[in-house]
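Take a look at the structure set out below.
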Amino acid sequence: MKSEPDTYSVDDLAKEKQGMWEGCRNYTVRNFMRDQMAPGDQAFFYHSSAKEIGIVGIMELVSGGYPDPTQFDPKSEYFDPKSPKDAPRWLAVDVRLVKKFSQVVPLSVLKADPVASGMQVCMRGQRLSVQPVTPEEWQAVLRLAGVEG
DNA sequence: GCCAACGTTGGC
DNA sequence: GCCAACGTTGGC
């Protein structure tokens with residue numbers, strides 16, 4: 001799960017008991033939240049457009065996908081006037097921080113690893129802010145982070 | 001700041 | 001329903 005740390009960083013999440021992953025306005029990600037993401041699932045926290053680009057920690061989903069309240073808030077930068085109230089277009093999920101890595105696992109290191117280099121996040125031009133990770137890739141990242149699997 | 005990639009929009 | 005134009009993402 002990607003976030004620009006200027007907007008929302010792993011340290012921001014660390015300060016909160018749980019965080020709402022809101023504002024995503026991409027249909028593929030919406031479907032992923034709706035169909036794939038469930039409470040108890042774990043996810044990596046990835047910093048994009050950052051001084052140190054890479055994976056910074058592990059999160060756990062506290063919820064599955066539910067209607068993103070910001071789409072109905074005219075004061076929100078994520079407000080979507082075309083989203084029907086009775087059929088919300090966009091979803092959010094709630095997350096909590098499981099672990100912040102002692103060091104960022106940089107994108108360059110992911111790309112250099114034979115297993116982690118297969119992750120979507122390593123692919124040129126990939127833009128989805130939420131992406132699936134295989135069990136093998138998960139373990140590879142934990143190894144690169146120096147974390148017990 | 002550049003620009004490649006790709007999702008979205010809208011005219012037809 | 002095609003596809004060009006446009007907007008956004010995000011690494012570099």
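Model, not experiment: these values are computed from the prediction. Residue numbers begin at 1 in each chain, while the letters A, B, ... track the order of the sequences.
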Problem - Whole-Å distance separating the CG atom of A/Leu128 from the C1' atom of C/dT9 - result: 11 Å
Problem - A/Met123 CE - C/dC12 P separation (whole Å) - result: 14 Å
Handout entry: Below 4.0 Å: OP1/OP2 of B/dC6 and any side-chain N or O of A/Arg127
Key = no
Exercise for the section: Check the distance between C/dC12's P and A/Gln126's CD and give it to me in whole angstrom. Expected result: 11 Å
Completion exercise
Exactly one of A/Asp41, A/Leu13, A/Val10 clears side chain to side chain contact (heavy atoms under 4.5 Å, CB included) with A/Met59, and that residue is A/Leu13
Handout entry: Sub-4.5 Å side-chain heavy-atom contact between A/Val62 and A/Val95
Key = no
Problem - Check: A/Ser83/A/Gln71 side-chain N/O donor and acceptor closer than 3.5 Å - result: yes
Fill in the blank from the handout: note: A/Tyr27, atom OH; C/dT8, atom C1'; distance rounded to Å ~ 15 Å
Exercise for the section: Return the nearest nucleotide to the side chain of A/Lys2; candidates are B/dA4, C/dG10, B/dG7. Expected result: C/dG10
Practice task
Rounded off to whole Å, could you give me the CD-to-P distance for the A/Gln120 and C/dT9 pair?
Solution key: 18 Å
Exercise for the section: Run through the side-chain heavy atoms of Ile, Leu, Val, Met, Phe, Trp and Tyr, join any pair under 4.5 Å, and report what else lands in A/Met20's cluster. Expected result: A/Tyr66
Practice task
Report the distance from atom CG of A/Asp6 to atom P of C/dT9, rounded to the nearest whole Å.
Solution key: 14 Å
Fill in the blank from the handout: Only residue of A/Tyr78, A/Tyr27, A/Phe72 satisfying ring-ring contact (aromatic ring centres under 6.0 Å, His included) with A/Trp90 is A/Tyr27
Practice task
When you get a sec, tell me which of C/dC12, B/dG7, B/dA4 is the closest nucleotide to the side chain of A/Asn26?
Solution key: B/dG7
Exercise for the section: Could you check which residues of residues 45-52 of chain A get a heavy atom under 4.0 Å from DNA chain C? Sort them by number, please. Expected result: A/Tyr46, A/Ser48, A/Ser49
Handout entry: Lys/Arg-Asp/Glu bridge criterion (N-O < 4.0 Å) met for A/Asp68, A/Arg25
Key = yes
